[in-house]
Amino acid sequence: MQTTDHANGIMCIETTPTSPTEAKRVTTQTLQELKVAGIPIAMLTAYDYTSARLLDQAGIDVILVGDSASNVMAGHETTLPITLDQMIYHAQCTVRGVGRALVIVDLPFGSYQGNSRKALETAIQVMKETGAHGVKFEGGASVKDTILRILDAGIPVMGHLGLTPQSIYRFGTYRVRARDEDEASVLRKDAQLLEEAGAFAIVLEKIPAVLAEEVSKSLKIPTIGIGAGVGCDGQVLVTHDALGLTTDFNPRFVRRYARLDESIRSAVKQYISDVRNRDFPSEEESY
Ligand code: KIV
């Protein structure tokens with residue numbers, strides 16, 4: 001990232017590298033600078049080398065190897081089944097495709113809850129085996145000791161509040177969280193606690209936009225929203241949703257920037273037809 005003071009006095013943060021060697025790494029400090037400069041942070045998920053490379057080349061700030069891999073890569077109904085080894089595999093593939101973006105890995109369900117020592121081991125394993133730059137996990141007050149322990153080991157931590165999909169069976173539903181004052185008040189306190197504990201950013205998922213904006217303004221660290229309105233310091237979407245690879249998941253917060261499902265189906269139909277008609281391969285495509 002380059003910061004330039006232009007003649008008009010506007011600070012410009014260039015996020016598209018001209019060549020991979022010139023690309024300056026996005027760090028947790030960069031995200032802090034973006035928040036201070038009032039420039040929204042763009043984050044997307046990736047789980048493999050090829051997609052991560054494309055997102056990185058496009059200039060994305062943060063790539064999350066989300067446990068949404070459980071849904072979009074493995075076809076599970078929830079994020080609960082994905083294992084640590086599977087997350088590590090996805091993170092290794094992703095990191096190989098990235099030259100510039102900050103890569104954060106979700107700690108999967110069961111790999112950190114209730115035992116901060118075990119959580120530290122998990123986080124160290126993720127960092128050692130993947131080459132990623134930090135970890136994310138869900139929760140507020142209940143994970144405070146875990147955050148402190150992981151940070152003590154020098155590993156950056158991103159928090160995740162609001163709708164936390166690993167607790168879906170406790171919530172019982174994917175509806176908007178913290179609509180009532182009691183839950184909103186807990187969320188405000190948890191956000192404060194995560195900042196004080198040393199988290200470098202917090203994902204706010206599916207909460208009222210007004211609350212997300214209030215929390216974002218009250219914190220020094222950036223918030224990254226998903227279904228949390230435009231008042232967050234950045235936004236994240238699951239790439240498969242944003243690019244229209246998944247079309248059976250339609251919450252109002254998803255904007256589809258492409259319909260890759262249609263493009264892929266139509267390309268595959270064309271291929272089948274070319275094969276059937278002996279139009280492929282041509283003479284030029286043969287030896
Ligand atoms: O797993 C994931 O993709 C996430 C994002 C939705 C924030 O946690």
Side-chain angles (χ1 to χ4, degrees), residues 31 40-48 51-52 55 60-84 86-91 93-94 101-113 122-123 126 130 132-140 143 156-168 171 174-178 187 190-191 194 199-207 212 215-216 221-229 232-243 245-246 249-257:
L31 303 191
I41 297 159
M43 170 161 132
L44 281 170
T45 61
Y47 321 97
D48 69 293
S51 315
L55 302 188
I60 199 77
D61 300 313
V62 187
I63 291 181
L64 173 68
V65 184
D67 58 358
S68 49
S70 180
N71 309 106
V72 298
M73 298 301 289
H76 294 299
E77 206 175 304
T78 72
T79 57
L80 276 66
I82 198 157
T83 65
L84 180 58
Q86 287 164 343
M87 285 302 295
I88 286 175
Y89 171 72
H90 286 298
C93 300
T94 299
L102 184 76
V103 181
I104 302 301
V105 182
D106 259 340
L107 299 190
F109 177 68
S111 73
Y112 65 94
Q113 289 95 339
T122 304
V126 167
T130 69
H133 312 123
V135 297
K136 169 167 95 57
F137 47 90
E138 301 177 3
V143 292
V157 172
M158 179 182 271
H160 187 152
L161 297 174
L163 180 76
T164 46
Q166 291 180 10
S167 304
I168 191 59
F171 294 148
Y174 283 99
R175 75 176 164 74
V176 177
R177 306 305 312 178
L187 189 136
D190 278 344
L194 291 182
F200 72 86
I202 304 175
V203 167
L204 296 177
E205 179 162 354
K206 220 168 174 188
I207 62 170
V215 169
S216 304
I221 58 171
T223 60
I224 313 283
I226 174 161
C232 294
D233 302 304
Q235 298 295 329
V236 57
L237 282 174
V238 170
T239 296
H240 287 57
D241 299 333
L243 298 185
L245 281 162
T246 48
F249 179 62
N250 283 305
R252 65 198 273 180
F253 65 76
V254 168
R255 186 181 291 181
R256 301 215 191 275
Y257 287 86

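Atoms within each ligand, like the ligands themselves, are counted from 1 in listed order.
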Peer 1: So, is K136 polar-close to ligand 1, with some N/O to N/O distance under 3.5 Å?
Peer 2: yes
Peer 1: Would you call the rings of H240 and Y47 parallel, tilted or perpendicular if under 30° counts as parallel and over 60° as perpendicular?
Peer 2: tilted
Peer 1: Using a 4.0 Å cutoff against the non-hydrogen atoms of H160, which atoms of ligand 1 qualify?
Peer 2: 8 (O)
Peer 1: Does ligand 1 come near enough to D106 that some N or O of the ligand is less than 3.5 Å from an N or O of the residue?
Peer 2: yes
Peer 1: Starting from atom 5 (C) of ligand 1, find the nearest protein heavy-atom neighbour and note its residue, name and distance.
Peer 2: L64 CD2, 3.7 Å
Peer 1: Please check: side-chain N/O of Q235 versus main-chain N/O of G229, any donor-acceptor pairing under 3.5 Å?
Peer 2: yes
Peer 1: Go through the side-chain N and O atoms of D48 and S51 and say whether any donor and acceptor fall under 3.5 Å apart.
Peer 2: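 Side chains of D48 and S51: pair found under 3.5 Å.
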Peer 1: Got a second to check how far T239's OG1 is from L55's CG, nearest 0.5 Å?
Peer 2: 5.0 Å
Peer 1: Between ligand 1 and M43, can you find any atom pair, the residue atom being a heavy atom, that is separated by under 4.0 Å?
Peer 2: no
Peer 1: Distance under 4.0 Å to a non-hydrogen atom of T45: what atoms of ligand 1 satisfy this?
Peer 2: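 Checking each atom against T45, I get 3 (O).
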Peer 1: Surrounding OH of Y89 (heavy atoms of other residues, nucleotides or ligands, distance under 6.0 Å), is the total greater than 12?
Peer 2: no
Peer 1: Considering only the protein, which heavy-atom contact is closest to atom 2 (C) of ligand 1, and what is its distance?
Peer 2: S68 OG, 3.3 Å
Peer 1: Which protein non-hydrogen atom lies closest to atom 6 (C) of ligand 1, naming both residue and atom, and how far is it?
Peer 2: I226 CD1, 3.7 Å
Peer 1: Ligand 1 versus D67, non-hydrogen atoms closer than 4.0 Å: side chain, backbone, both, neither?
Peer 2: both
Peer 1: Using atom types as modelled and distance alone, determine if a side-chain donor or acceptor of T79 lies under 3.5 Å from a backbone N or O of S70.
Peer 2: no
Peer 1: OH/Y174 to OG1/T78 distance, rounded to the nearest 0.5 angstrom?
Peer 2: 6.0 Å
Peer 1: What atoms of ligand 1 come within less than 4.0 Å of a heavy atom belonging to G66?
Peer 2: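 Per the distance check, 1 (O), 2 (C), 3 (O).
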